[in-house]
Participant: 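The structure follows.
For ligands, and for the atoms within them, numbers begin at 1 and follow the listed sequence. Predicted model, so just to flag it, every value in this text is computed and none were measured.
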Amino acid sequence: MSEKLNEIRKILEKHSEMLQNAIPLIASENITSPAVDEACASDFSHRYAEGWVGERVYAGTEYIDKIETICMELARQYFDCVHADVRPISGVVANLAMYNAFTSRNNGKMLIMPIPKGGHISHAPKYTKSGRAIYGTAGTVRGLEIEYMAFDNDEMNIDPEETAKIIREFEPELVLFGGSVFLFPHPVKELVDVAKEVGASVGYDAAHVAGLIGSGYFQDPLKEGADCMTMSTHKTLPGPQHGAITTDKEDLVEDLKSNTFPALLSNHHLHNVAGLAVALTEMLEFGKKYHKQVIENAKALGQALNERGMNVLCEHKGFTESHQIVLDIVNFKDSIGLGGDIERILEKANIIINRNLLPWDIKEGRHYMNPGGLRLGTSEVTRLGMGKSEMEAIADFFEQLIVQEKDPLLVKDEVAEFRKQYQSIKYCFQDSNKAYEYLKFY
Ligand SMILES: *Cc1c(COP(=O)(O)O)cnc(C)c1O
């Protein structure tokens, strides 16, 4: 048995070692601070506290209630909202609670961002229009009928005029903004009134951009008229893997609460609620500086890659207003390959990114396994203390691998050398800590 334990420990150590020497550019990921980790490794991970604070189904929750109350207060403060439920255990669970609340009364129709253009699988139907099974959460779990917003490929954003027409014709119960490729703020304020005209509620999935919103650098969907906002708490918001729902509308609070528990949860992962409380404290203190740098870095990385012969989308719009950029790598098809191939080449050099569908990929016969795009995010490298000059250094590595076709194993050594100076986590309370070096066996 102890041999298995050793094996497990070794694998975890290898994973940490890999990350200590890598450039982590996955847009949906981030790294938590030691203070967050400490809270997440607390005894709360052994406990149950079903229900709302003050209405628990379990005993022994005195201190759990205190932390959850603090966490809700911090979330209301950070997101400047009337109500924040910090119990959803992930972004998808938060979305399900939102679907429960807004699509149970009438026709079960929901309007979303098209999936190939950056919509998320948790918004998607069970089958595509062509009849192919995709098992999207909204269709599979809730049986929702899904229609897609119009999308402007040049602007990499929802087309407000065309989408207004679709809303009037389709008459959904829920119009859902937000997605996983998210370069620019969505036209929420432009479309709220149209949604209201047909009696639709308006939701906003802030899984990717929650931290940017909280720190005040991205649109505030609730202020633009959305009924509720759902999120993951671990993408631009550097908290533990968890979820949350916010609203400014008092009359929606009870329904949103009940559609979270008992509708979807038993345990709500109390240790992560504690970790989230710590992460929110950090972001109220350091978020302004951190997220400003995240966005500046994304723009700088876009510029640097573009200058080195890689086609970054939306140059005419400064590449991005979020933590993400998207590259069109189709012109490397005949040299080193497409998105999947390039993802693997970069991975060999310890540069960790996502391949990504471009909005026009499906039409041009490319699919998800080897698409025409790459998606990069700067949340984690910024947390490691990197700035504009480091974005240029990262772009140099991309140029060596993608344009100059240098051996990834040689580049891997240079990447490790480069990473030596960035081994601690910034924008948190203790910044002398070592990133990735902590393995927790409490
Ligand atoms: C990542 C993501 C989710 C899923 O969040 P989890 O916390 O992993 O469940 C939901 N919606 C969007 C738009 C996302 O990008």
Side-chain angles (χ1 to χ4, degrees), residues 25-32 36 40 75 85-100 102 110-125 134-142 144 146 148-149 151 156-158 174-186 188 202-213 218-219 221 226 228-246 260 264-265 267-269 272-273 275-276 279 320 322-326 353-357 368 373 375-380:
L25 291 167
I26 304 259
S28 57
E29 294 181 353
N30 210 323
I31 181 175
T32 47
V36 170
C40 290
D85 191 337
V86 295
R87 296 174 303 169
I89 56 171
S90 73
V92 169
V93 168
N95 281 345
L96 278 169
M98 168 173 62
Y99 305 157
N100 285 345
F102 296 125
M110 178 164 76
L111 186 68
I112 66 166
M113 276 262 289
I115 305 302
K117 313 203 173 195
H120 192 253
I121 191 68
S122 66
H123 307 172
I134 54 166
Y135 292 94
T137 312
T140 310
V141 180
R142 295 269 322 155
L144 299 186
I146 304 296
Y148 299 111
M149 296 175 176
F151 194 83
M156 278 304 279
N157 207 340
I158 295 158
L174 178 59
V175 175
L176 179 57
F177 293 93
S180 300
V181 174
F182 210 160
L183 302 179
F184 304 103
H186 283 172
V188 178
V202 175
Y204 186 101
D205 184 340
H208 264 271
V209 291
L212 308 181
I213 292 171
F218 209 73
Q219 70 187 141
C228 92
M229 175 166 95
T230 60
M231 72 192 82
S232 305
T233 57
H234 47 266
K235 296 187 182 178
T236 50
L237 182 62
Q241 293 193 332
H242 199 72
I245 304 180
T246 62
T260 300
L264 285 170
L265 298 170
N267 196 328
H268 55 277
H269 300 184
N272 288 339
V273 173
L276 177 58
T320 185
S322 75
H323 60 303
Q324 302 181 358
I325 54 170
V326 177
I353 59 111
N354 272 136
R355 64 182 185 275
N356 213 96
L357 278 174
Y368 188 69
R375 185 188 68 172
L376 318 181
T378 53
S379 303
E380 190 164 347

Participant: Do you know which two heavy atoms are closest between Y148 and P114, and how far apart they sit?
Facilitator: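 Closest approach of Y148 to P114: CD2-CA, 3.4 Å.
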
Participant: For ligand 1, find out whether one of its N or O atoms is nearer than 3.5 Å to an N or O atom of S28.
Facilitator: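 No, no N or O pair falls under 3.5 Å.
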
Participant: Is it the case that ligand 1 has an N or O less than 3.5 angstrom from some N or O of D205?
Facilitator: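 By distance alone, the answer is yes.
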
Participant: Can you list the steps and then say if T137 with H120 is a side chain to side chain contact (heavy atoms under 4.5 Å, CB included)?
Facilitator: CA-CA 9 Å; T137 312; H120 192 253; over 6 Å; no

Participant: Name the closest protein heavy atom to atom 4 (C) of ligand 1, giving the residue it belongs to and the distance to 0.1 Å.
Facilitator: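 In this structure, atom 4 (C) of ligand 1 has H120 CE1, 3.6 Å as its nearest protein heavy atom.
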
Participant: Does G91, backbone or side chain, put an N or O under 3.5 Å from an N or O of ligand 1?
Facilitator: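 Yes, G91 has an N/O under 3.5 Å of an N/O on ligand 1.
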
Participant: Would H123 and N95 count as a side chain to side chain contact (heavy atoms under 4.5 Å, CB included) here? Give the steps.
Facilitator: CA-CA 8 Å; H123 307 172; N95 281 345; 3.6 Å; yes

Participant: Work out which heavy atom in P240 is nearest to a heavy atom in C40; give both atom names and the distance.
Facilitator: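 Residues P240 and C40, closest heavy atoms: CB-SG, 3.5 Å.
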
Participant: Report the nearest protein non-hydrogen atom to atom 8 (O) of ligand 1: residue, atom name, distance rounded to 0.1 Å.
Facilitator: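 That would be H234 NE2, 4.1 Å.
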
Participant: Report yes if some N/O of V92 lies less than 3.5 Å from some N/O of ligand 1; otherwise report no.
Facilitator: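 Such a contact does occur with ligand 1.
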
Participant: Any chance the side chains of H323 and H208 put a donor and an acceptor closer than 3.5 Å?
Facilitator: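 Indeed, the side chains of H323 and H208 share at least one donor-acceptor pair under 3.5 Å.
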
Participant: With atoms numbered from 1 as shown, which atoms in ligand 1 lie under 4.0 angstrom from a non-hydrogen atom of S180?
Facilitator: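 Heavy-atom distances to S180 below 4.0 Å select 12 (C), 13 (C), 14 (C), 15 (O).
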
Participant: Roughly how far, to the nearest 0.5 Å, is the CD1 atom of I26 from the NZ atom of K235?
Facilitator: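 K235 NZ to I26 CD1: 11.5 Å, rounded to 0.5 Å.
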
Participant: Any N/O of H242 closer than 3.5 Å to an N/O of ligand 1?
Facilitator: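 The answer is no, given that H242 and ligand 1 share no N or O pair closer than 3.5 Å.
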
Participant: Once you round to the nearest 0.5 Å, how far does SG of C228 lie from CG of L174?
Facilitator: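 It is 7.5 Å, given to the nearest 0.5 Å.
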
Participant: Around atom 1 (C) of ligand 1, find the nearest protein heavy atom and jot down its residue, atom name and distance.
Facilitator: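 The closest heavy atom on the protein side is K235 NZ, 1.3 Å.
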
Participant: So do M113 and H186 actually touch side chain to side chain, heavy atoms under 4.5 Å?
Facilitator: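 Touching, per the 4.5 Å side-chain cut-off.
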
Participant: In terms of residue, atom name and distance, what is the protein heavy atom nearest to atom 5 (O) of ligand 1?
Facilitator: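 Scanning the protein heavy atoms, the shortest distance from atom 5 (O) of ligand 1 goes to S232 OG, 2.9 Å.
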
Participant: Which ligand 1 atoms are under 4.0 Å away from a heavy-atom of H208?
Facilitator: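 Heavy-atom distances to H208 below 4.0 Å select 15 (O).
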
Participant: Within the 4.0 Å heavy-atom shell around G179, which atoms of ligand 1 are there?
Facilitator: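 Counting from 1, the qualifying ligand atoms are 13 (C).
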
Participant: Does even one non-hydrogen atom of G178 get within less than 4.0 Å of ligand 1?
Facilitator: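 No heavy atom of G178 comes that close to ligand 1.
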
Participant: Does a sphere of radius 6.0 Å around CD in Q219 hold more than 12 heavy atoms from other residues, nucleotides or ligands, not counting ones at 6.0 Å or beyond?
Facilitator: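 Yes, CD of Q219 has more than 12 neighbouring heavy atoms, counting only those of other groups under 6.0 Å.
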
